[in-house]
2 protein chains.
Amino acid sequence: MPRGNCQGQGWWHGKFRGCGYRLTTGREAILDILSRSEGHLSAEDIYIKVHPRYPNVGLTTIYRTLDVLSNLGIVYKLDFGDGRARYELAEGPKGAHHHHHLVCTGCNRVIDYADFIDEEVELLQQTEKGLGKKYNFRINNHVIQFYGLCDKCNGKK
Amino acid sequence: MPRGNCQGQGWWHGKFRGCGYRLTTGREAILDILSRSEGHLSAEDIYIKVHPRYPNVGLTTIYRTLDVLSNLGIVYKLDFGDGRARYELAEGPKGAHHHHHLVCTGCNRVIDYADFIDEEVELLQQTEKGLGKKYNFRINNHVIQFYGLCDKCNGKK
DNA sequence: CTCCTTAATGAAAATGGTTTCCATTATTAA
DNA sequence: TTAATAATGGAAACCATTTTCATTAAGGAG
Ligand SMILES: [Mn+2]
Ligand SMILES: [Mn+2]
Ligand SMILES: [Zn+2]
Ligand SMILES: [Zn+2]
């Protein structure tokens, strides 16, 4: 059984070490869970998934790690207005998967969509450029989210 | 001195009464402050502005009233990611003043902009229509915000 | 491998915006 | 005026997140 495989499970090690962060069990566990989970996990969601396999990783470490990951650009910190932050991997080993969000205010379901991304991205770039020039702003992030009721919640009167 | 003037100061009374809400001093005070203030006030900001003139309006009432106003569509509840909700009047007596936001993550300054609104709104409408059809969603709200560093914060290295 | 510096950690306590409770007050329809 | 009940304020509860601090463990130097 060959050692030292560098595909997949360890792709963030470089980014981590490059910024002077230590590689710890907790951090690997959290990234492991994030990369094998679909969707938008809260800190507690992650804690619950990590805990069975790594019972000595505390919730505090989850928060601290997510903060680091978010600063490194490895995860996005999302806010869907339900009072807790949610996180998703910015990109897997396979590359980026840019998308925006459609949030149901009835059941809190969140749909990733990428259908209109091309037009949106183009407009966003124009807008960012224009705003940046006009207001002397260095824009480095945007939030686009649609809120409404999904088919199920819409049916219920 | 004529009584019963209906311009300005009381334009929301109708909307209020129409929904079965009572008109109270606290509610009028809060709307008064909101309509004579620029910008994006937190509940506590409003409390501080209301308190000198109406010392017996509590913070709880501010929260409750803002919730009602937000449900009635009279104010927008905004989240700029600084851990507290902010509120702005949806429209004054003069009518709507649609705009989006540019948020400085350095100093939390928020700039209202309306420059690219037309194009944005058009794209939004298209997107809402497309998404609504594709995912069977009734979209009734969207959030567009740009985050970055303002000229001042950008200068500080 | 061992040592040593110090980054990282977990548990518990603190924080802080917002909500809930509940006894009291005030609005409004009759 | 009166009665029904919506609205209120103050205190306590809530709850996601952060801070504190004593302990642990990464990882570079030797
Ligand atoms: Mn997503
Ligand atoms: Mn605004
Ligand atoms: Zn739903
Ligand atoms: Zn700034």
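Numbers restart at 1 for each chain; the letters A, B, ... are given by sequence-line order, proteins then strands. Source: prediction; values computed, not measured. Because only heavy atoms are used, hydrogens play no part in the values below, and waters and symmetry mates are left out as well, while side chains stay in.
Taking atom CZ on B:R27 and atom P on C:dA26, their separation rounds to 15 Å, with Å as the unit. Distance, B:Y21 OH to D:dT5 C1': 15 Å, rounded to whole Å. Here C:dT9 presents its C1' atom at 15 Å from CG of A:L66, a figure rounded to the nearest Å. A:E28 places its CD atom 11 Å from the P atom of C:dT9, with the value rounded to the nearest Å. Spacing between atom CG of A:D82 and atom P of C:dT18 amounts to 15 Å, rounded to whole angstrom units.
Distance NZ/A:K129 to CD1/A:I139: 12.5 Å, rounded to 0.5 Å. If you take CG on B:N136 and CG on B:L131, they are separated by 12.0 Å, rounding to the nearest 0.5 Å.
The stretch residues 48-58 of chain A does not touch DNA chain D, since none of its heavy atoms comes less than 4.0 Å from the strand.
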Once base and sugar-phosphate atoms are separated, protein heavy atoms under 4.0 Å mark nucleotides 14-25 of chain D, 5' to 3', with B, S and - as --SBBBB-----
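For the pair B:L89 and B:W12, the minimum side-chain heavy-atom distance is 4.5 Å or more.
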In residues 69-82 of chain B, what donor-acceptor pairs under 3.5 Å come from side-chain atoms, sequence neighbours left out?
from	atom 1	to	atom 2	distance (Å)
B:N71	ND2	B:D67	O	3.3
B:D79	OD1	B:G81	N	2.7
B:D82	OD2	B:R86	NE	3.3
B:D82	OD2	B:R86	NH2	3.2

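For A:L23, whose side chain is taken as the heavy atoms from C-beta onward, the closest listed nucleotide among D:dA7, C:dT9, D:dG27 is D:dG27. The B:R17 side chain lies nearest to C:dA29 when the options are C:dA29, C:dA8, D:dT8.
A donor and an acceptor atom, one from each side chain of A:Y135 and B:D115, are located under 3.5 Å apart.
Scored by the side chain to side chain contact (heavy atoms under 4.5 Å, CB included) test, B:Y63 finds B:A43, B:L59 as partners (sequence neighbours excluded). With sequence neighbours excluded, the residues satisfying side chain to side chain contact (heavy atoms under 4.5 Å, CB included) with A:E120 are A:H100, A:Y113, A:F116, A:I117, A:I144, A:F146, B:L123, B:T127. Every residue meeting the ring-ring contact (aromatic ring centres under 6.0 Å, His included) condition with A:H99, not counting sequence neighbours, appears here in chain and number order: A:H97, A:H101.
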